[in-house]
Peer 1: 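Structure incoming, see below.
These figures come from a predicted structure and were not determined experimentally. One-based numbering along the sequence shown.
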Amino acid sequence: MFDSSYLMLIYNSALLLTMVLLFNTFSVHWQSWKISLKEILLGLIAGIIGIIIIHTALELEEGVFFDSRSVLLSISGLFFSPVITVIAVIVTSIFRIYLGGAGAFTGVLIIITTSSVGLLWKKIYKK
């Protein structure tokens, strides 16, 4: 079990690196809040990667997960457009609510908080 925990964390990190590679390949010049089909598609891809991360998480107890979804969404807010981040937040939040359990509300709050911190930091950093 202990080795399996490390393996899952390494798998989650590999998914994050895959996302970075994918977004670097399909990079666009991000324009704040100007929605394009490319951004919607990348937002859905980020959301799907978030679902995979949640699905492969280490379950500490019934409905309480330990994963790297907060890293995914904060990086999305920091480096990608707000549109991509909001779409990823919506997709991962819906999936987390669907899973339910004791940590569902906390999981959604973490999703919203970490993505907001990424977006806020991006705005502060630009100044």
Peer 1: Take F80 and L42 through the side-chain contact (heavy atoms from CB on, under 4.5 Å) test and state the conclusion after the steps.
Peer 2: CA-CA 9 Å; F80 309 128; L42 290 173; over 6 Å; no
Peer 1: Could you tell me the separation between the CD1 atom of I124 and the CG atom of L119, rounded to the nearest 0.5 Å?
Peer 2: 11.0 Å
Peer 1: Under the side chain to side chain donor-acceptor pair (under 3.5 Å) test, which residues partner R96, sequence neighbours left out?
Peer 2: none
Peer 1: Measure the spacing between OG1 of T113 and CG of L120 and express it to the nearest 0.5 Å.
Peer 2: 11.5 Å
Peer 1: From T106 OG1 over to I111 CD1, what is the distance, rounded to the nearest 0.5 angstrom?
Peer 2: 11.0 Å
Peer 1: Is a side-chain N or O of T85 found less than 3.5 angstrom from the main chain of S76, in a donor-acceptor match?
Peer 2: yes
Peer 1: At what distance, to the nearest 0.5 angstrom, does OG1 of T92 lie from CD1 of I48?
Peer 2: 11.5 Å
Peer 1: Is it true that V91 and I40 fall in one hydrophobic cluster, defined by side-chain heavy atoms closer than 4.5 Å?
Peer 2: yes
Peer 1: Under 4.5 Å between any side-chain heavy atoms of V117 and S74, yes or no?
Peer 2: no
Peer 1: Test of understanding: clusters of I, L, V, M, F, W, Y form through side-chain heavy atoms closer than 4.5 Å, transitively. Do F105 and V108 belong to the same one?
Peer 2: no
Peer 1: Check the hydrophobic clustering (I, L, V, M, F, W, Y; side-chain heavy atoms under 4.5 Å; chains of links allowed) and say if L37 and V83 are grouped together.
Peer 2: no
Peer 1: Measuring from R69:CZ to I54:CD1, what's the distance to the nearest 0.5 Å?
Peer 2: 4.5 Å
Peer 1: Check for me, please, whether I110 and F95 land in the same ILVMFWY cluster - side-chain distances under 4.5 Å, paths through other members count.
Peer 2: no
Peer 1: Are W121 and L72 linked, directly or through other ILVMFWY residues, by side chains that come within less than 4.5 angstrom of each other?
Peer 2: yes
Peer 1: Would you give the length of the straight line joining atom CD1 of I75 to atom OG of S70, rounded to the nearest 0.5 angstrom?
Peer 2: 9.5 Å
Peer 1: Here's a test for you: under side-chain contact (heavy atoms from CB on, under 4.5 Å), which of I87, I84, I90 qualifies with L44?
Peer 2: I87
Peer 1: Can you give me the closest heavy-atom contact between V89 and S115, atom names plus distance?
Peer 2: CG2-OG, 3.2 Å
